[in-house]
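First up is the structure itself, then whatever we jot down about it.
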Amino acid sequence: MTSHERTGQAEPPDLDVVLTSRARIARNLSGLPFVHRATADQRQSVISRVQLALEPECCSETTTWVDLESVSPLQRRVLYERHLISRQHADQQGPRGVAVAQDESMSVMVNEEDHVRMHALSPGLQPHACFERVLAMDKAAEGAVEWAFHERWGYQTACPTNAGTGVRFSAMLHLPALRLTRELEKVRHAAKDLQLAVRGYYGEGSESSGHFYQVSNQITLGCTEEELLDRFMSTIVPGIVEYERSARQALLRRDRLALEDRVHRDLAILRSARVMKVDEAMRRLSTVRLGVCLELIPNVALDCINGLFQMIQSGHLQQQAGKSLSPPESQAARAELLRQRLSG
Amino acid sequence: MKCDRCDRPAIVHQVIISGGEHTEIHLCEVHAAEAGVPNPGKQPVNKLLAKIATPTEPSAIPSCPGCGATLADIRKSSLLGCPQCYDTFEEAIGIMIESAQAGGTRHVGRGPGGAESVHAKRHESRRLVEELDRAVQAEQYERAAEIKAKLGRLSEQQPPTSGESL
């Protein structure tokens with residue numbers, strides 16, 4: 001049973017394949033250098049102006065502002081592991097921060113590659129809802145700041161590949177069956193032909209982990225925001241979702257017993273192991289997630305598995321332990337957490 | 001911008017200066033391949049930037065008055081220095097953007113100020129001009145007259161656009 005069933009809320013669409021959807025808008029203040037050429041004072045000025053412009057969004061009771069320059073590397077790592085900031089934002093130097101909604105449905109990165117990157121996040125395939133929220137945020141800010149805008153190139157961004165709308169839609173897809181049936185390359189090729197990027201679990205520059213793939217539009221110029229959204233939703237993403245479902249059914253038809261064995265074997269290892277590296281845990285959790293979605297495993301909740309993908313990361317384990325952990329200590333803490341959470 | 005040889009969007013742009021003569025070539029992916037011209041859209045952005053920004057005469061390379069960045073800086077970081085770089089290095093950056101954006105040559109999305117903004121009205125004008133072309137080509141003259149009337153009303157509402165034909 002999912003948390004949505006328990007609370008009587010509607011189940012987010014396509015949750016069996018789509019972990020989350022996201023819409024992002026990149027903006028820069030006019031009259032200031034982009035972040036990588038800005039002085040510390042200029043970056044501080046960006047923070048002050050953006051906080052003021054996005055006051056209801058950034059500074060409300062349900063939103064927390066995190067000054068990334070002053071928090072610990074571990075706190076930055078946890079934010080990164082929760083997909084609230086990028087690796088670049090965590091690792092770079094200088095004044096920068098992020099506003100995070102309590103329910104983590106929204107985050108605003110300030111002074112990452114661009115002055116402002118506004119994100120809205122929803123479970124399942126709901127990019128329209130994400131876009132509405134992020135657009136509302138952009139409109140609210142527009143009344144208080146002047147965004148850098150060029151009549152021909154649209155909203156100006158540090159990397160010209162984001163120019164124009166500055167809008168990127170993405171979906172985090174769980175594609176274990178396409179991986180098992182070796183069909184994933186077809187998806188990659190089809191996505192490339194449709195100007196969509198396929199990235200790993202942590203977005204740009206990251207590898208797939210736990211058979212998660214982030215699909216997003218590469219083109220941001222020459223189409224309206226609605227056209228970009230329409231293309232994203234009407235072409236490949238629902239197609240990949242159906243393709244993954246077909247592959248899951250094909251695996252069941254081909255050899256149900258072998259699939260059941262694989263799923264239960266991985267669950268048993270997760271419930272028993274005393275040490276576990278993160279890659280192994282992600283891989284085995286992915287198989288268990290597949291088993292839960294195909295109803296091969298009773299009494300394991302999908303949201304429990306979804307949450308574990310984050311909780312087993314080393315930053316989260318160290319935060320939970322309240323101290324720095326060596327790699328062997330992390331592996332032991334991870335295995336202990338998995339045993340606790342998945343105990344039958 | 002359209003291909004010199006067909007109606008598809010041009011993704012390869014070359015400027016040839018020979019004997020004082022300045023020639024521009026704009027080709028779509030198909031005709032670029034036929035002509036043996038490599039498609040820059042197939043290359044990563046940093047390689048594109050490196051290619052465009054390789055200085056032949058370092059002393060002749062300007063820097064951006066807004067931030068001091070040169071094309072060499074942009075090549076190194078793969079990032080522009082400030083909004084003004086878009087105008088300072090318009091030609092080089094324009095080629096790069098069009099290649100990276102699969103031939104997209106102009107922003108057609110939202111702009112500051114909402115539907116009543118100058119940007120929105122100019123955008124609407126461009127859309128109507130394209131619609132008018134299609135109506136004329138299809139010999140839908142009543143439709144074309146309606147679009148012309150809409151264009152007339154729009155042009156009364158907005159200031160003239162310098163250097164931009166609608």
Side-chain angles (χ1 to χ4, degrees), chain A residues 25 27-39 42 88 112-115 131 135 138-139 141-143 145-167 192-196 204 217-229 231, chain B residues 1 9 11 41-42 44-46 48-49 52 63-64 66-70 73-74 76-87 89-90 92-115 117-120 122-123 126-127 161-164:
Chain A
I25 290 182
R27 295 284 185 261
N28 288 277
L29 296 172
S30 75
L32 282 174
F34 295 134
V35 177
H36 73 112
R37 287 192 78 87
T39 63
Q42 286 169 326
Q88 177 183 339
E112 197 237 29
E113 182 178 284
D114 293 301
H115 292 157
F131 182 54
L135 191 62
D138 182 44
K139 284 181 176 171
E142 199 184 78
V145 290
E146 189 185 340
W147 297 134
F149 185 82
H150 191 281
E151 188 60 32
R152 180 175 179 192
W153 302 120
Y155 288 99
Q156 293 165 296
T157 50
C159 183
T161 52
N162 290 315
T165 57
V167 170
K192 199 175 171 190
D193 290 345
L194 290 162
Q195 278 106 35
L196 292 168
E204 196 163 349
N217 59 298
Q218 280 185 311
I219 303 300
T220 56
L221 179 86
C223 306
T224 64
E225 292 79 354
E226 288 74 14
E227 284 167 345
L228 289 172
L229 180 53
R231 276 189 202 178
Chain B
M1 184 172 287
I11 56 151
K42 302 287 183 194
V45 170
N46 55 350
L48 273 168
L49 278 164
I52 291 161
S63 59
C64 175
C67 64
T70 63
D73 295 327
I74 293 171
K76 197 175 165 189
S77 65
S78 299
L79 297 171
L80 279 72
C82 73
Q84 216 174 318
C85 288
Y86 279 81
D87 287 323
F89 308 112
E90 191 179 6
I93 299 300
I95 291 169
M96 199 275 290
I97 294 178
E98 288 178 25
S99 303
Q101 297 280 354
T105 58
R106 176 174 282 283
H107 175 58
V108 295
R110 292 163 194 275
S117 69
V118 173
H119 164 78
R122 283 183 187 157
H123 176 207
R126 280 193 292 273
R127 195 188 64 76
T161 317
S162 60
E164 190 179 58

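Per chain, numbering begins at 1; letters A, B, ... match sequence-line order.
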CA sep, side-chain torsions, deciding dist, call: B:Arg110, A:Glu226, side-chain contact (heavy atoms from CB on, under 4.5 Å): CA-CA 10 Å; B:Arg110 292 163 194 275; A:Glu226 288 74 14; 2.3 Å; yes

Pick from B:Gly94, B:Pro83, B:Ala102, B:Gly104 with the largest number of heavy-atom pairs that fall under 4.5 Å of chain A: B:Pro83

Top contributor to chain B interface from A:Gly164, A:Gly143, A:Gly31 [non-hydrogen pairs under 4.5 Å]: A:Gly164

Pairs of heavy atoms under 4.5 Å with chain B: top-ranked of A:Gly222, A:Cys223, A:Ala158, A:Pro33: A:Ala158

Evaluation steps, side-chain contact (heavy atoms from CB on, under 4.5 Å), between B:His107 and A:Thr165: CA-CA 7 Å; B:His107 175 58; A:Thr165 57; 3.9 Å; yes

Heavy-atom side-chain proximity of A:Pro160 to B:Leu80 below 4.5 angstrom: yes

Region of [X] that comes under 4.5 Å of a non-hydrogen atom in chain B:
X        : result
A:Asp114 : neither
A:Trp153 : both
A:Leu228 : neither

Rounded distance [0.5 Å steps], CG in A:Asn162 versus CD in A:Glu113: 6.0 Å

Atom CZ of A:Arg231: over 12 foreign heavy atoms under 6.0 Å: no

